Amino acid sequence: MTPAPAPIADRYDPVAVEARWYPEWERRNYFRADPASPKPAYCIVIPPPNVTGSLHVGHALDNTLQDILIRTKRMDGFNTLWVPGTDHASIAVHVILERQLEAEGKTRHDLGREAFLERAWAWKEESGGTIIRQLKRLGASCDWSRLRFTMDEGLSRAVREAFVRLYDEGLIYRDDYIVNWCPRCQTVLADLEVEREERDAEFVYIKYGPLTLGTVRPETKLGDTGLAVHPNDPRYAQYVGRTLEIPSVDGTVSVRVVADEAVDPEFGTGVIKVTPGHDPVDFEIGRRHNLPIRTVIGFDGKMTAAAGRYAGLDRFETRRRIVADMQALGLVERIEPYRHAVGLCYRCKTVVEPLVSKQWYVNVKPLAEVALAAAHDGRITITPAGWTKTYDQWMEGIRPWCISRQLWWGHRIPAWYCDRDGSVHVSRTDLSACPQCGGILRQDPDVLDTWFSSGLWPFSTLGWPDETAELRTYYPTSVLVTGFDIIFFWVARMAMLGLHLTKQEPFRDVYLHALVRDAEGQKMSKSRGNVVDPLALMTKYGTDAFRFTLAAVAAQGRDIRISDERVEGYRNFANKLWNAARLVLSNLDGYDPAGDTGPAGLPGRWIHSRLQSTIASVREGLDAYRFNDAAGAIYHFLWNDFCDWYLEIAKGSLYRAGSPGERNRVQHTLVTVLETTLRLLHPFMPFITEEVWQRLPHEGESIMVASYPRPVAAAVAPDAEREMAVLVQAITAVRNIRGEMRITPGAMLDVLLRPAPEHGDVLHAHRSLVEALARCRLTLDPRASRPPGSALAIVGPSELYVMLGGVVDFAGERLRLDKEIRRASEQIAFLEAKLGRPDFVERAPADVVAKERERLDEQRRLLAKLQASRASIAEGRG
RNA sequence: GGACGAUUAGCUCAGUUGGCAGAGCGCUGGCCUCACAUGCCAGAGGUCACUGGUUCAAGUCCAGUAUCGUCCACCA
């Protein structure tokens, strides 16, 4: 008993549908993972978005792809877990909060550490939920009961565990070294956190006694403790080893001249000044030659007392002043314009100052060797494979990782210092008294690099260092999905820390996707004002359309462009699906699933066969992370095969069924094909598929937990595909003539068809199908010849004549034939030349040659017919 | 300085193992045909950046050039 179908709107309205299903799925616990499940595990740990952020298109892409994988695997019988979470984003939060404070005329130091952290937590609580809500809006099927935060209790314990272990192994150590200092953030930065930007500068040639050298940073002259030349440079060999007394802006300074390989004799004058306190290269040279360090620029970016009369001045102001002062003293030989790269803080874009200070480091070299091996012996597979080389090169050239930051928001370094005996203690638990002397301890005030805790993310979220059921079941995780921009920051660190601490790879696959650009290919940024708001797109076109767009454009290149037009196109696709479903649903009256569901005739067998290859393509695409291939296969099948052909054919059987059995068989095909397609599409478009699926006859309570389609070999029907191709060709041929001859679609045409023997059966059997879709009366006659007043079409070896009568003049037909004749002639010339070459005939595989011969014969037959036809028209018999 | 990517239809881009160049949008012509005008039918439009090479056969493989882009790098 089918209830009278409620009227369904002819436009799909995503808003109501999306609002209805997500809470329902959540309520039914479909997202919840069970570590005790016997099913094979499939696990993704989300790249944690910054807690203060809101969803941008990059997140939307990243999480849509993950959701597609998770939903597919869940339907495919895997025990799936998608762990969600957020990152505390130490330095990024500092930048935001300090800007707020600045507006109030304060600094973080005015507030003090405690109050600042209160503020940070408040900010986290306030805005931390935003991105989670937005991920839900996107349809992300994360296990929200396992939501983690990099600074929650468990993860903080993991951070300490990792730190202590690495320290005990001697892999974490403190060192006085030259670092990248951000004078605005008031913290050290890792090399990776320094961005380079080309800027115009002045290259100032300064006289150093008998020598002259060029520099772009004259202010560091005050910190010079040496000069260096190349060991093999004959020009300066006489000075090496000598200490020169050099007149300068503040009296004379004495500098020693050393020889060092780091100096390029070709560049500038071949002499460099050595400022070990303010330049990484000079620092190294200084170490090699035992030159003293003189710090003249402080952590605040201003000159120190050591800078004499410049003390307290800003470093850039000093640069201008010192050049002027030297010019006054005749110490400047000349100034040239110069363009070079300056280092900027990746968070606040302030020019970084190299400074010497004591910081914590990880000796990552040994970890990198293991991570490198894992990517080569197949334990970790990077897709697209081209990124492996980038990963390799970085790992090979890796340098110690500076992990301490002079910030407050983050994981405080678990090291305590005893002021009484000077001992250092690194501990898993907080210490209050010195274990050696009982003296009062001071905890290191610094926090860890944000990326240290993110580096533990795949296993810290699963309960490490405890041996939890989650770790046993879901670790190593199946795949890491992220943008290629954080391959070094994050992917490499996780690989190194994961392999070292857990002795297992943190993920088996790494899928690096492209980055989203705007429609003009520009990087999106707030300052450019070209940020595409995913929420706006979802509101305008629906979440399903947006998600499908992301999957469809996720080709394996470097960048992705999103435009409204593209999303609109897939909105139309969703609407197409909706209407196809409407057609099916409104024709199910009397349908008996237990009734006649036998073979549904040629079109039925054909659409089932097409469905199988679509399923296979989608699975192949997903397995290879070729989301665009998978999406494209479904799109093409649903729109072109199912809607454009099968539904049009099925209408005939539904509206004018030959027999009740036929009607039921067609209904059965419609239901099964549509239902299967919905399941295939569900991971891409979760909402509309659930909505339609629920209205169709189905088994189970939700499409989310239905099975993912597998290709059925028995349903693959090459013969049906071949035969349908003949019918499609015949129909298209008639439509083509109708179009070219400008015959109104409403006009009923008379068509005479001379079937070739091999086409006879199929054309006879499906005459009415051709008649319906080509809107014609079809006569079949194996001995027919072209009647006067008809247009010719070639259907493979068969011929088809469309009777034009007095409907149109024949000029159009002449043009059409001429065009066809030209085309055929060109083909023949090309093929004759090819087949005339002995090397081709002898060397190419036999099947390729045979195919070309066949094509040539076909084209010759075609040409003969076209020419005959053309001749008869030329005689004016049209 | 090194590495990597891109260059294919008017636009945005697919094209995995070499074997008849594809999609979406846009364009042209015709249609409100009882699922859908967010639609239907038909059509036009490509020297696959350039130069060589390998091959019977190159958008695809190799070498190089040009232009654009990205990342890495201690030439001050």
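Predicted, not measured: the structure shown is a model, and the values here were computed from it. Order of the sequence lines fixes the chain letters, A, B, ..., with proteins taken first and strands second; residue numbering starts at 1 for each chain.
The phosphate of U38(B) (OP1 or OP2) has no side-chain N or O of W639(A) nearer than 4.0 angstrom. OP1 or OP2 of C13(B) has at least one side-chain nitrogen or oxygen of R561(A) nearer than 4.0 Å. When the side-chain nitrogen and oxygen atoms of Y12(A) are compared with OP1 and OP2 of A35(B), none of them lie within a distance under 4.0 Å. A sub-4.0 Å separation between OP1 or OP2 of C40(B) and a side-chain N or O of K576(A) is present. Residue Y646(A) has no polar side-chain atom (N or O) positioned under 4.0 Å from OP1 or OP2 of A35(B). The side chain of R823(A) contributes an N or O atom lying less than 4.0 Å from OP1 or OP2 of A44(B). Within the structure, every side-chain polar atom (N or O) of N572(A) is placed at least 4.0 Å from both OP1 and OP2 of C36(B).
Less than 4.0 Å separates RNA chain B from at least one heavy atom of each of the following residues of residues 844-851 of chain A: A844(A), P845(A), V848(A).
One P atom belongs to G22(B), the other to G43(B), and the distance between them is 13 Å to the nearest Å. Annotation: C25(B) and G39(B) have their P atoms spaced 8 Å apart (nearest Å). Rounded to whole Å, the P atom of U55(B) lies 32 Å from the corresponding atom of A14(B). Between G45(B) and G29(B), the two C1' atoms lie 15 Å apart (nearest whole Å). When the P atom is compared between G64(B) and C40(B), the two are found 49 Å apart, to the nearest whole Å. Straight-line distance between the C1' atoms of U8(B) and C50(B): roughly 14 Å, to the nearest whole Å. U47(B) sits 8 Å from G10(B) when the P atoms are compared, rounded to a whole Å. Taking atom P in both U60(B) and G2(B), one finds a spacing of 26 Å when rounded to whole Å.
Contact annotation for D279(A): no contact, since no heavy-atom pair falls under 4.0 Å across all strands. At a threshold of 4.0 angstrom between heavy atoms, the contacts of N575(A) include nucleobase atoms, whether or not backbone atoms are also involved. As judged by a 4.0 angstrom heavy-atom cut-off over every strand, F488(A) is placed among residues touching the sugar-phosphate backbone only. Note on F830(A): nothing from the nucleic acid sits closer than 4.0 angstrom, heavy atoms only. Counting non-hydrogen atoms under 4.0 angstrom, E842(A) reaches nothing in the nucleic acid. As judged by a 4.0 angstrom heavy-atom cut-off over every strand, R735(A) is placed among residues touching the sugar-phosphate backbone only. Across all strands shown, N736(A) has heavy atoms under 4.0 Å from sugar-phosphate atoms exclusively, and none from any base.
Taking the six-membered ring where tryptophan is involved, the planes of W578(A) and Y12(A) are tilted, since the angle between them lies from 30° to 60°. The aromatic rings of Y205(A) and F203(A) sit perpendicular to each other, their planes meeting at more than 60°, with 30° as the lower class boundary.
Each side chain to side chain donor-acceptor pair (under 3.5 Å) pair with one or both residues in residues 265-276 of chain A, not counting sequence neighbours, appears once here: T220(A)-K273(A), D224(A)-K273(A), D224(A)-T275(A), K273(A)-T275(A). Pairs of residues two or more places apart, or lying in two chains, that qualify as side chain to side chain donor-acceptor pair (under 3.5 Å) and include a residue from residues 620-639 of chain A are D509(A)-Y625(A), R626(A)-D629(A).
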Mind listing the N/O atom pairs, protein and nucleotides 3-9 of chain B, below 3.5 Å?
unit_1 : atom_1 : unit_2  : atom_2 : d
A3(B)  : O3'    : K389(A) : NZ     : 3.3
A3(B)  : O2'    : Q393(A) : OE1    : 3.2
C4(B)  : OP1    : K389(A) : NZ     : 2.7
C4(B)  : O2'    : R558(A) : NH2    : 2.2

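Ranking C40(B), A76(B), A14(B) by closeness to the T215(A) side chain, first place goes to A76(B). Residue E565(A) has its side chain nearest to C25(B) when only C13(B), C25(B), G39(B) are considered. Counting only heavy atoms from C-beta on, A580(A) has its side chain closest to A35(B) among U38(B), A14(B), A35(B). Picking from A76(B), A37(B), A14(B) the nucleotide with the shortest atom distance to the side chain of D629(A) gives A14(B). For R11(A), taking side-chain heavy atoms from C-beta onward, the closest of the listed nucleotides U38(B), C36(B), A42(B) is U38(B).
Between the CG atom of L835(A) and the C1' atom of A57(B) there is a distance of 12 Å, given to the nearest Å. Taking atom CG of D10(A) as the reference point, atom C1' of U33(B) lies 16 Å away to the nearest angstrom. Counting to the nearest Å, the P atom of G39(B) and the CG atom of L583(A) are 16 Å from each other. We find that CD1 of I688(A) is positioned 12 Å from C1' of C36(B), with the value rounded to whole Å. The nearest whole Å value for the distance from the CZ atom in R566(A) to the P atom in G24(B) is 10 Å. The interatomic distance linking E197(A) (CD) with C72(B) (P) rounds to 13 Å, in whole Å. Atom C1' of nucleotide C75(B) and atom CD of E266(A) are separated by 11 Å, given to the nearest angstrom. If you measure from atom CG of D818(A) to atom C1' of A44(B), you get 17 Å, rounded to the nearest angstrom.
Across G270(A) and V263(A), no two heavy atoms sit closer than the pair O-CG1, 3.5 Å. Residues V618(A) and A630(A) share a closest heavy-atom pair of CG2-O, 3.7 Å. The shortest non-hydrogen separation linking I293(A) to P276(A) is CG1-CB, 3.9 Å.
With hydrogens and angles ignored, a donor-acceptor pair closer than 3.5 Å exists between the side chain of K651(A) and the base of A35(B). Judged by distance alone with a 3.5 Å cut-off, a donor-acceptor contact links the side chain of R855(A) to the base of C20(B).
Both N640(A) and H340(A) lie close to RNA chain B; mapped to their nearest nucleotides by heavy-atom distance, the more 5′-ward contact belongs to N640(A).
For E854(A) and K851(A), the salt-bridge test fails: no basic side-chain N is under 4.0 Å from an acidic carboxylate O. Salt-bridge check for E858(A) with R855(A): failed, with every basic side-chain N at 4.0 Å or more from each acidic carboxylate O. Remark: E284(A) does not engage R287(A) in a salt bridge, criterion side-chain N to carboxylate O under 4.0 Å.
Aromatic rings from F627(A) and Y511(A) are positioned such that their centres are separated by under 6.0 Å. Taking the centre of each ring, Y541(A) and Y570(A) stay at or above the 6.0 Å mark.
Listed for the R217(A) side chain is a donor-acceptor partner under 3.5 Å among the backbone atoms of H278(A). Side chain of R235(A) to backbone of P265(A): a donor-acceptor contact under 3.5 angstrom is found.
With hydrogens and angles left out, the side-chain atoms of D10(A) and N579(A) include no donor and acceptor closer than 3.5 Å.
For Y391(A), there are no ring pair (Phe, Tyr, Trp, His ring centres under 6.0 Å) partners, not counting sequence neighbours.
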Exercise. Could you write out RNA chain B as a dot-bracket string, with dots for unpaired bases, | for bases paired across to another strand, and Watson-Crick or G-U pairs counted at under 3.5 Å?
Worked result: (((((((..((((.....[..)))).(((((.......))))).....(((((..]....))))))))))))....
